[in-house]
Amino acid sequence: TGNSIYANGDTTTALASVEDADGTTFTELTFSETYRQRMSNVLSDTLQIVSRNDVTSNQTITTYSGSVTASGDVDGAYALALQRAQTLGAGKEPSLGAGAFLRTSQVSWDQRRVQSGSNPEFVRLSFAYEYQGKLAAGNAYVEMSSNTAFDTFGTDTQTVSGFVAATNLATAQQIYQTQVRALSKNALFHNETVTQSQVIAQADSSEPAAPQFLKLEFNFQIYQSKPTGRVAYRYGINVRKDILALRLEKHIKGSIFAFNQTAASAALANLLATLQPSGSQITEELNEDREYMSDLSNNPSSDVFLKFDFDETYVDRLTNITGVLEMSLSQQMKYSGPRWVLQPLPYDANGSGGYTIVQPSGIQEGGQTIRGSVTAPDQATATAWAKMQRSLLVGTYTQPEEWDWEYTFVPRIQGVAKGENPNVQLYKLNFTFAEILPNNPPPS
């Protein structure tokens with residue numbers, strides 16, 4: 001209902017010999033009223049179908065959307081509109097191909113009241129059904145990235161990762177083998193991982209679920225040889241001093257990373273020439289690490305070189321050590337006592353007898369024996385300590401002394417025990433002092 005009032009805004013003023021004017025003049029009142037009534041048995045709709053192809057995921061997204069207008073009471077109109085919307089947009093999976101499924105659905109409706117006290121009116125119902133399906137056979141998408149890690153003191157590797165989106169798993173696997181892996185068919189693979197993703201949507205538990213393949217993800221590493229001419233190595237030096245043996249051991253061990261074994265061996269020779277370790281080399285341990293994969297048996301580079309480990313041992317004389325190093329001493333005492341003489345007797349005529357007669361024949365002399373050994377860095381020190389042990393002798397009837405010298409030299413060096421330039425590493429003296437004690441009774 002609409003009403004309007006019109007009034008002019010003119011005013012009149014008083015004229016001579018005329019009464020005063022009455023002010024603003026009211027002219028007219030106009031009105032217009034409109035009435036609306038819903039028609040019965042009316043059902044109208046709109047439908048829009050939008051199909052969006054996503055090549056990166058090999059999926060097609062189809063949306064059925066629109067609106068439905070129905071007449072009648074609110075509840076009845078809503079029921080009719082909802083039924084019509086479901087007819088237009090629901091249950092389209094079979095027409096979209098195998099594995100297609102309803103992804104999202106949305107229904108909304110509008111009502112209105114003309115006045116606060118009037119009955120609600122149904123205006124329209126809007127709907128949208130979104131389905132996910134696969135692109136037609138023959139469509140596929142491959143996304144791949146690679147990065148190379150240059151490990152100076154390790155193995156260089158190239159990491160390849162990405163995914164294949166295709167109609168089905170078999171197609172994705174075939175593309176991965178022929179278009180991804182084939183790019184590095186002569187390479188040595190490390191840590192290859194292949195993962196397949198799929199989705200299963202089941203709207204009704206009575207119907208079997210329809211799986212839909214999504215993508216095949218991959219990640220692997222490829223061994224990279226060191227560039228020709230590039231060599232890297234790490235090494236450690238271990239020094240061991242054996243004080244008692246006057247032995248200085250030096251271990252040089254480490255790893256060399258190069259293009260091949262020949263380059264690694266040359267690098268080791270240069271390293272040892274630079275370090276110039278003293279003494280004589282007594283051991284050398286070399287270890288070559290390689291990797292092999294049977295799939296590359298027809299490829300000359302299938303047996304690849306990784307690194308070269310080495311352990312070199314050098315021995316030298318330990319100098320600036322003085323004094324006695326090791327000593328040992330033993331004392332053997334023999335006590336005097338009766339000297340018994342054995343007199344064998346023949347058998348008697350009748351075959352009896354024949355026993356040995358033991359007869360005393362004086363006192364058996366006793367004695368003492370001193371045995372020992374001493375090691376020292378020089379002969380004079382060893383000799384001095386051995387002579388000190390003569391004080392253990394207590395009698396006057398000494399026996400000739402026995403001296404046994406042992407000389408230890410640095411390995412692989414011509415040994416010189418006497419002369420102007422002796423190169424004895426260790427002196428060891430074994431000695432024996434002995435004496436006769438005519439009257440040396442055992443302690444009581």
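One-based numbering along the sequence shown. Note that the structure is predicted; figures quoted are calculated from it, not measured.
More than 12 heavy atoms of other shown residues, nucleotides or ligands fall within 6.0 angstrom of atom CG in Asn350. Under a cut-off of 6.0 angstrom, the local environment of CZ in Phe153 is crowded, with over 12 non-hydrogen atoms contributed by other residues, nucleotides or ligands. The environment of Gln83 atom CD is sparse: at most 12 non-hydrogen atoms of other residues, nucleotides or ligands sit within 6.0 angstrom. Heavy-atom contacts from other residues, nucleotides or ligands closer than 6.0 Å to CD of Glu285 number 12 or fewer. Within a 6.0 Å radius of CD in Gln359, other residues, nucleotides and ligands contribute more than 12 heavy atoms.
Looking at Lys215 and Asn58, their side chains never come closer than 4.5 Å, going by heavy atoms from C-beta outward.
Here Phe308 and Phe310 keep their ring centres 6.0 angstrom or further from each other. For Tyr131 and Phe101, the ring centers are positioned 6.0 Å apart or more.
In this structure Glu143 satisfies the salt bridge (charged side-chain N to carboxylate O under 4.0 Å, His left out) test with no other residue, sequence neighbours excluded. Every residue two or more places apart in sequence or in another chain that forms a side-chain hydrogen bond (donor to acceptor under 3.5 Å, both in side chains) with Thr283 is listed here: Thr313. Considering only residues two or more places apart in sequence or on other chains, Thr62 meets the side-chain hydrogen bond (donor to acceptor under 3.5 Å, both in side chains) condition with none of them. In this structure Glu401 satisfies the salt bridge (charged side-chain N to carboxylate O under 4.0 Å, His left out) test together with Arg390, sequence neighbours excluded. Scored by the salt bridge (charged side-chain N to carboxylate O under 4.0 Å, His left out) test, Glu435 finds no partners at all (sequence neighbours excluded).
Glu288 places no side-chain N or O within 3.5 Å of a backbone atom of Phe305 that could act as its donor or acceptor partner.
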Salt bridge (Lys or Arg N to Asp or Glu O under 4.0 Å) between Arg339 and Glu365, intermediate numbers included: CA-CA 8 Å; Arg339 178 184 295 108; Glu365 74 282 359; 3.6 Å; yes
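Ring orientation note: the planes of His190 and Tyr223 are tilted relative to one another, at an angle of 30° to 60°. Using the six-membered ring where Trp is involved, Trp403 and Trp405 have ring planes that are tilted, between 30° and 60° apart. Ring-plane geometry between Trp109 and Tyr78 is classed as tilted, the angle between the planes lying from 30 to 60 degrees on a 0 to 90 degree scale.
With 3.5 Å as the limit, one finds no donor-acceptor pair spanning the side chains of Asn423 and Asn421. Side-chain contact, Ser336 with Asn440: no donor N or O sits under 3.5 Å from an acceptor N or O.
Under 4.0 Å is where a charged nitrogen must lie from a carboxylate oxygen, and between Glu402 and Arg371 no such pair does.
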Tell me which donor-acceptor pairs under 3.5 Å the side chains of residues 264-276 have, and how far apart each pair is, sequence neighbours excluded?
{"residue": "Ser265", "atom": "OG", "partner": "Gln261", "partner atom": "O", "Å": "3.1"}
{"residue": "Ser265", "atom": "OG", "partner": "Gln261", "partner atom": "NE2", "Å": "2.7"}
{"residue": "Asn270", "atom": "ND2", "partner": "Ala266", "partner atom": "O", "Å": "3.2"}
{"residue": "Thr274", "atom": "OG1", "partner": "Asn270", "partner atom": "O", "Å": "2.8"}

